[in-house]
Amino acid sequence: MKNVLLLVLIFSFNLVLSQNKIEIDSLLNEIAKTNDSKEISKTEPAKKIIEYKTKLLPTLADFFTDKTITNVKSECIGRNLTKGEIAIIIADRIELIIINYIGFYHQNCLMSTCENNTNLIEFYLPFIQSVGTEKFQEKYKLWLLSDERYKTILPEGYESERKIRKKEYEKAKLIIIETK
């Protein structure tokens, strides 16, 4: 009986994850119709993804390697973004991605960003592409599961996010321990 219950639980969990993935894919496709990268987070589909907070980050990370070219033009990097890059931007809007903390050391002495653009990670997209989006995705997913994620120094205003992340991390650790 215990095994049957476990199988039903696993099947239900996988069904929810696949529904999330299908929904995120659909929302990313809607965002991809936007013309300007500065408008990404203002779109209704992006707001819907962002509402889920950090719960969807692992699923969103699955899209980082999608190389489908979109209509979204980035003035900052001078080209259209890929669907994967849009996913990276949204993930950064949910929880700040600090490149150096996930294992890539990119020196930005001038603290440059894209002018008049709130997508902070957009400046780093060419760097991410140069090291390989697959490698970035792998390190990002490992970082999501790491204790280091909760020790990172976040900029002012992100402390409430840290508390939310810590609670979710503790819940995830309990789930992993319970399923072992």
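Since this is a predicted model, take the numbers as computed values, not measurements. Each residue takes its place number in the sequence, starting with 1.
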Undergrad: Among residues two or more places apart or on two chains, list those pairs meeting ring-ring contact (aromatic ring centres under 6.0 Å, His included) that have a residue in residues 23-46.
TA: none

Undergrad: Residues in salt bridge (Lys or Arg N to Asp or Glu O under 4.0 Å) with Lys73, at least two apart?
TA: none

Undergrad: Run the side-chain hydrogen bond (donor to acceptor under 3.5 Å, both in side chains) test against Glu138 and tell me which residues pass, sequence neighbours left out.
TA: none

Undergrad: What pairs with Thr68 under side-chain contact (heavy atoms from CB on, under 4.5 Å), at least two apart in sequence or on another chain?
TA: Asp66, Lys83

Undergrad: Donor-acceptor pair, Asn29 side chain versus Asp25 backbone, under 3.5 Å?
TA: yes

Undergrad: Would you please name every residue forming a side-chain hydrogen bond (donor to acceptor under 3.5 Å, both in side chains) with Asn80, sequence neighbours left out?
TA: none

Undergrad: Between the side chain of Asn119 and the main-chain N/O of Ser37, is any donor-acceptor distance below 3.5 Å?
TA: yes

Undergrad: Can you find a heavy atom in the side chain of Thr133 that is under 4.5 Å from one in the side chain of Thr82?
TA: no

Undergrad: Taking atom CD of Glu75 as the centre, does the number of heavy atoms from other residues, nucleotides or ligands within less than 6.0 Å exceed 12?
TA: no

Undergrad: Taking all atoms of both residues into account, what is the closest heavy-atom pair of Leu56 and Ile49, and its distance?
TA: CD1-O, 4.4 Å

Undergrad: Going by the rule side-chain contact (heavy atoms from CB on, under 4.5 Å), which residues pair with Thr43 if we only count those two or more places apart in sequence or in a different chain?
TA: Ile31, Thr34, Pro45, Ala46

Undergrad: Can you name the side-chain hydrogen bond (donor to acceptor under 3.5 Å, both in side chains) partners of Asn71, sequence neighbours left out?
TA: none

Undergrad: For the backbone of Lys47 and the side chain of Arg93, can you confirm whether one donor and one acceptor N or O come within less than 3.5 Å of each other?
TA: no

Undergrad: Using the salt bridge (Lys or Arg N to Asp or Glu O under 4.0 Å) rule, collect all pairs that involve residues 120-130, keeping only residues at least two apart or in two chains.
TA: none

Undergrad: Who pairs with Glu134 by side-chain hydrogen bond (donor to acceptor under 3.5 Å, both in side chains), at least two apart in sequence or on another chain?
TA: Lys67

Undergrad: Quick one: which residue pairs count as a ring-ring contact (aromatic ring centres under 6.0 Å, His included) with a foot in residues 67-92, not counting sequence neighbours?
TA: none

Undergrad: Which residues pass the ring-ring contact (aromatic ring centres under 6.0 Å, His included) test with Phe64, sequence neighbours left out?
TA: Phe136, Tyr140

Undergrad: Could you tell me which residues satisfy salt bridge (Lys or Arg N to Asp or Glu O under 4.0 Å) with Glu51, sequence neighbours excluded, listed by chain and number?
TA: none

Undergrad: For a quick test of reading the model, state the closest non-hydrogen atom pair linking Ile88 to Ile97 and the distance between them.
TA: O-CD1, 3.9 Å

Undergrad: Do you know the tightest heavy-atom contact between Ala32 and Thr70?
TA: CB-CG2, 3.5 Å

Undergrad: Keeping Glu39 on the side-chain end and Asp36 on the backbone end, is there a donor-acceptor pair under 3.5 Å?
TA: no

